[in-house]
There are 2 protein chains.
Amino acid sequence: MKVSAIPAPLPATLADGVFPAGCPSRTVLDHITSKWGVLILLSLSEGEQRWSELRRRADGISEKMLAQTLKTLEKDGLVRRDAQPVIPPRVDYSLTERGRELAALLIPLVTWAFDNAEAIIGGEG
Amino acid sequence: MKVSAIPAPLPATLADGVFPAGCPSRTVLDHITSKWGVLILLSLSEGEQRWSELRRRADGISEKMLAQTLKTLEKDGLVRRDAQPVIPPRVDYSLTERGRELAALLIPLVTWAFDNAEAIIGGEG
DNA sequence: TAAGGTACTGACATGAAAGTAAGTGCCATA
DNA sequence: TATGGCACTTACTTTCATGTCAGTACCTTA
């Protein structure tokens with residue numbers, strides 16, 4: 001596993017001017033770096049989960065935000081929704097291939113945040 | 001079925017319950033995934049830059065948000081501020097070691113967002 | 001004198017994101 | 001009858017991130 005070789009250089013469009021306001025990448029970036037988006041994606045990276053499991057695992061999320069975030073991620077093709085026509089309802093959520101790609105990038109980031117949280121926030125007060 | 005590259009496993013604390021509301025990691029995550037934080041970090045990953053350069057490169061940012069974001073990142077020990085006592089004022093911003101670490105993780109993410117933006121947003125309308 | 005550049009700060013406004021809480025339909029159990 | 005779980009939706013409210021804009025201190029140029 002090679003983690004930190006040379007960081008890939010920025011695509012040319014990013015290199016100058018980072019990238020223009022209002023371009024699609026900004027929107028995508030907003031979705032995937034959203035407060036709950038990251039948590040959901042991360043949680044699902046461990047495998048298929050039901051609504052109520054996600055609700056528990058994404059500690060503090062409201063039902064509204066869970067529904068809304070899942071919908072956005074589903075529309076973006078990152079999350080797959082599998083509703084089974086049973087009573088009581090059972091809906092399983094999982095990552096798509098694209099979602100797994102993303103999660104693979106998110107995990108090191110979150111792990112880093114986790115490892116450095118003390119140093120960053122602790123050293124602040 | 002096998003996922004192509006097995007990503008680093010989540011730290012135990014993340015693995016169950018993702019992670020608790022209100023813990024420092026959440027705060028750090030919010031800082032580094034903030035709308036402008038990512039852009040500033042990315043821009044600085046290309047080298048030291050002045051206030052007015054950053055303003056231009058982070059297309060669409062207001063002076064207030066630039067100041068605010070830079071302050072947060074500086075407090076978090078990700079960005080170094082070097083003010084020279086000259087007239088007119090000259091202030092250079094650069095990444096700290098920790099900032100460079102983070103940027104190295106952010107770059108693949110942003111690159112991915114850039115590469116997949118079309119497919120994600122384009123397929124939506 | 002006035003305008004312009006640099007690097008900001010602070011007050012106020014707004015709008016989107018997030019929270020709260022209640023409702024929906026169906027069934028199981030008591 | 002009523003309570004509770006599942007997977008949501010909807011209406012309303014609040015919070016907060018962000019935007020707008022004016023002001024500051026100093027010097028330069030016209």
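Letters A, B, ... mirror the listed sequences (proteins, then strands); counts begin at 1.
For K71(A) and dT9(D), the NZ to P distance is 4 Å, given to the nearest whole Å. Atoms CG (D30(B)) and P (dT18(D)) sit 10 Å apart, rounded to a whole Å. Between the CG atom of L66(B) and the P atom of dA17(D) there is a distance of 17 Å, rounded to whole Å.
Residues D92(B) and Q84(B) have side chains that bring a donor and an acceptor to within less than 3.5 angstrom of each other.
Residue contacts for R55(B): at a heavy-atom cut-off of 4.0 Å it reaches no nucleic acid atom on any strand shown.
Residues that satisfy the side chain to side chain contact (heavy atoms under 4.5 Å, CB included) test with A67(A), not counting sequence neighbours, are W51(A). Every residue meeting the side chain to side chain contact (heavy atoms under 4.5 Å, CB included) condition with V91(A), not counting sequence neighbours, appears here in chain and number order: R81(A), A83(A), Y93(A). For the side chain to side chain contact (heavy atoms under 4.5 Å, CB included) test, residues two or more places apart in sequence or in another chain that qualify with Q68(B) are K64(B), M65(B).
The residues E74(B) and K71(B) are annotated as not salt-bridged, no charged nitrogen and carboxylate oxygen being separated by less than 4.0 angstrom. Taking 4.0 Å as the cut-off between side-chain N and carboxylate O, E63(B) and R55(B) count as a salt-bridged pair. Comment: E53(B) does not engage R50(B) in a salt bridge, judged by the lack of any side-chain N to carboxylate O separation of less than 4.0 angstrom.
A distance of 8.0 Å separates OG of S25(B) from CG of L29(B), quoted to the nearest 0.5 Å. In this structure, K35(B) NZ and L39(B) CG are separated by 9.0 Å, a value rounded to the nearest 0.5 Å.
Think of the region where chain B sits on DNA chain C: with heavy atoms and a 4.0 Å cut, that region ends 5' and 3' at dT6(C) to dA11(C).
In terms of position along DNA chain C, the nucleotide closest to V91(B) lies nearer the 5' end than the nucleotide closest to the other residue of the pair V91(B) and T69(A).
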Protein heavy-atom contacts under 4.0 Å, written 5' to 3' over nucleotides 19-30 of chain D as B (base), S (sugar-phosphate only) or - (none), form the string BB------S---
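Within the helix from dT1(C)-dA30(D) to dA30(C)-dT1(D), the inter-axis angle between the opening and closing five-pair segments is 30°, rounded to 10°.
Taking side-chain N and O atoms only, S52(A) has a distance below 4.0 Å to OP1 or OP2 of dA7(D). Here R50(A) does not reach the OP1 or OP2 of dC6(D): none of its side-chain N or O atoms lies under 4.0 Å away.
Side-chain atoms of E46(A) never come within 3.5 Å of backbone atoms of S43(A) as a donor-acceptor pair (strictly under, hydrogens ignored).
Scanning both residues, R98(A) and D76(A), for their nearest heavy atoms gives NH1-O, 3.2 Å.
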